[in-house]
Amino acid sequence: MASVPSLASSVNQRVADALASALPDAGASDPLLRRSDRADFQANGILALAKKAKANPRELATTVVEGIDTAGLIQEIEVSGPGFLNITITDRAIVETLAARAADDRLGVPLAAKPGTTVIDYAQPNVAKEMHVGHLRSAVIGAAMVEILEFTGEKVVRRHHIGDWGTQFGMLIQYLLEHPHELDHKSSESADGGEVSGEEAMSNLNRLYKASRTLFDSDEEFKTRARARVVDLQAGEPETLALWQRFVDESKIYFYSVFNKLDMDIQDPDVIGESGYNDMLVETCKLLEDSGVAVRSNGALCVFFDDVKGQDGNPTPLIVQKSDGGFGYAATDLSAIRDRVSELGATELIYVVDARQSLHFKMVFETARRAGWLNEDTKAVQLAFGTVLGKDGKPFKTREGETVRLVDLLDEAVDRATAVVREKAEKIGLSEEEIVENGQYVGIGAVKYADLSTSASRDYKFDLDQMVSLTGDTSVYLQYAYARIKSILRKAGEAGDRKPVAHPELELAPAERALGLHLDHFGELIAEAAAEHAPHKVAAYLYQLSSLFATFYEQCPVVKPEPELVVGENRLFLCDLTARTLSKGMSLLGIRTPEKL
């Protein structure tokens with residue numbers, strides 16, 4: 001089915017046509033339409049046009065109103081103040097538009113006019129290291145952007161740029177060579193022949209890392225051997241590479257177990273770490289040096305920027321290759337850009353990375369532009385995110401001052417949520433299996449929503465008590481709203497005399513109008529969130545939708561709207577469309593909506 005034009009876009013077009021007729025020399029003009037407390041919409045664009053045309057704004061507004069086609073859409077237009085237009089939509093137009101949305105599996109949301117290919121770099125854990133609370137935001141924000149962009153029709157390529165290369169692997173591999181039984185189980189099986197859990201895999205790696213670090217710091221001969229092993233790794237020595245691969249495989253077992261807790265789908269082909277670009281590093285450096293984008297400085301290959309200086313006032317370069325011939329993060333990141341543009345055909349690159357790395361990516365992107373790898377047709381942006389804070393407003397740490405393990409945080413969220421679900425379980429008839437399942441959905445949803453309801457660039461406080469609350473701006477509130485609507489629809493179905501049928505001939509109560517107009521805005525909201533890389537706008541929309549539904553349900557009897565049964569049908573229709581919109585919006589944020597809660 002074709003997409004459904006929103007009421008706002010239809011009104012905007014009619015006002016724009018009238019403006020063009022009133023001021024033919026002005027060309028296409030934006031009416032500057034927005035939602036209003038005084039009417040359904042207000043058009044504010046006439047003032048600027050009148051000033052430009054040296055006309056009286058109120059007189060121009062009156063002329064425009066006379067030329068607006070109101071048929072089948074607009075009930076009333078009022079000229080207000082110096083030339084604002086207050087516009088009220090007919091009840092029939094609202095219901096007919098919503099009925100068209102309800103008839104479409106996509107809820108009438110249009111696909112992007114010119115979809116491209118976006119590569120999203122997110123969820124970037126490090127091999128042989130535990131994931132901590134700092135990894136949460138990249139994973140959750142990135143996954144939401146994948147869903148939002150794909151829903152608009154964009155081709156999205158996922159990339160998980162894991163840290164799987166570097167000097168620490170020389171230490172780990174050398175230790176394992178000298179202590180071969182430290183990882184004596186297969187990557188997919190535990191010592192007793194069963195499946196290795198993520199926790200077991202990381203426990204093995206942690207033990208190995210601590211033991212190798214202790215030896216590295218205390219034994220100079222081992223340190224020398226470990227450093228030599230780094231050279232072997234970089235040279236591709238077969239035995240060294242085989243052991244490195246074991247570390248990667250062990251770590252993936254752990255990564256996937258954590259992503260599974262987060263209810264995120266991570267596919268192996270999408271995991272391409274730093275090592276995946278090793279073969280490109282030499283060529284990347286040569287291309288930069290030959291083109292003059294990078295120059296040698298004290299033996300290192302550097303890119304300089306006029307606006308990037310150190311505390312001493314001297315230029316701070318992006319070091320692509322070190323003076324000893326080694327390659328840093330910049331060489332890998334630039335090689336990744338080359339690969340994503342030339343091989344994947346990317347038109348946009350999105351990096352969901354901590355705001356503290358903004359300077360690095362600013363320099364990397366500018367270097368890529370100078371080299372011609374990024375241009376007007378292919379852009380790169382950092383979706384920078386802030387820090388997760390504790391209740392005290394300081395970076396989230398354990399009582400001992402350690403970084404909080406992500407699995408511990410997720411497990412606690414699920415435990416808290418399960419307790420909340422269990423309190424209501426008997427009243428709504430949930431089985432133990434449903435309690436456990438809903439506890440997972442509510443707990444993980446609470447963590448995701450707390451993150452996604454905050455603008456990515458801002459820090460936010462991690463407060464589980466608030467996150468699992470049934471009141472306020474929480475995912476639990478939204479999930480509960482959805483479950484309540486599904487309960488209403490089930491009861492109506494059992495009564496046998498209520499179906500979610502739209503009735504455009506009916507007048508709408510104020511709460512029905514407010515809910516209907518907000519439902520109609522869903523498509524425009526999704527387009528805005530996609531264009532601005534702003535999943536928090538989806539969260540804000542859904543919270544407002546739930547709040548408007550609560551008001552509607554309080555003021556407009558649904559199941560017993562005597563004496564008019566058609567009124568009940570129309571209200572059930574609004575309930576059904578609200579539930580579908582909530583479910584779709586929550587799914588774009590990676591949050592499930594239980595049918596009973």
Side-chain angles (χ1 to χ4, degrees), residues 3 106 109-124 138-139 141-162 164-165 264-288 290-291 293-294 303 318 320 327 329-353 357 360-384 526-535 588 590:
S3 62
R106 290 179 50 83
V109 177
L111 295 169
K114 295 182 178 179
T117 298
T118 296
V119 178
I120 301 187
D121 191 325
Y122 69 108
Q124 311 106 343
S138 177
I141 295 169
M145 281 311 308
V146 167
E147 295 297 328
I148 291 169
L149 287 172
E150 285 188 334
F151 189 55
T152 67
E154 186 81 355
K155 178 184 177 182
V156 178
V157 180
R158 300 158 172 82
R159 279 294 176 265
H160 307 294
H161 191 81
I162 64 172
D164 66 350
W165 206 248
M264 284 175 53
D265 181 28
I266 302 291
Q267 298 294 329
D268 207 58
D270 302 329
V271 180
I272 300 180
E274 298 164 355
S275 63
Y277 305 100
N278 283 346
D279 293 343
M280 300 178 67
L281 301 182
V282 172
E283 184 182 25
T284 294
C285 290
K286 186 176 188 304
L287 290 170
L288 292 173
D290 288 351
S291 65
V293 173
V303 182
L318 179 71
V320 183
F327 300 101
Y329 292 124
T332 302
D333 289 335
L334 288 164
S335 296
I337 289 175
R338 287 178 55 213
D339 178 73
R340 292 167 183 182
V341 173
S342 63
E343 299 300 320
L344 301 178
T347 52
E348 182 174 44
L349 307 175
I350 300 176
Y351 291 77
V352 189
V353 184
Q357 297 187 45
H360 169 78
F361 280 100
K362 175 185 175 182
M363 293 192 290
V364 166
F365 295 161
E366 177 58 27
T367 298
R369 278 189 285 270
R370 292 180 186 179
W373 304 330
L374 296 175
N375 49 48
E376 292 182 358
D377 298 323
T378 305
K379 62 180 180 178
V381 294
Q382 181 191 0
L383 207 176
I526 295 301
E528 186 179 322
E532 298 178 11
H533 308 142
L588 295 179

Using side chain to side chain contact (heavy atoms under 4.5 Å, CB included) as the criterion, list what pairs up with Glu366, not counting sequence neighbours. Phe305, Arg369, Arg370

Sequence neighbours excluded, the answer for ring-ring contact (aromatic ring centres under 6.0 Å, His included) partners of Trp373 is none

Residues which pass salt bridge (Lys or Arg N to Asp or Glu O under 4.0 Å) with Glu150, listed by chain and number, not counting sequence neighbours: Arg158

Which residues pass the side chain to side chain donor-acceptor pair (under 3.5 Å) test with Glu283, sequence neighbours left out? Arg338

Residues that Asp279 engages under salt bridge (Lys or Arg N to Asp or Glu O under 4.0 Å), provided they are two or more places apart: none

Quick one: list whatever passes salt bridge (Lys or Arg N to Asp or Glu O under 4.0 Å) with Asp377, sequence neighbours left out. none

Taken in chain and number order and not counting sequence neighbours, the residues that satisfy side chain to side chain contact (heavy atoms under 4.5 Å, CB included) with Ala139 are Ala123, Phe259, Leu262, Met264

Sorted by chain and number, sequence neighbours left out, side chain to side chain contact (heavy atoms under 4.5 Å, CB included) with Ala384 holds for Ala355, Ser358, Gln382

Under the rule for salt bridge (Lys or Arg N to Asp or Glu O under 4.0 Å), what residues qualify as partners of Asp121, not counting sequence neighbours? Arg340

Under the side chain to side chain donor-acceptor pair (under 3.5 Å) test, which residues partner Thr117, sequence neighbours left out? none

Using side chain to side chain donor-acceptor pair (under 3.5 Å) as the criterion, list what pairs up with Glu528, not counting sequence neighbours. Lys537

Contacts of Tyr277 that satisfy ring-ring contact (aromatic ring centres under 6.0 Å, His included) - sequence neighbours left out: His161

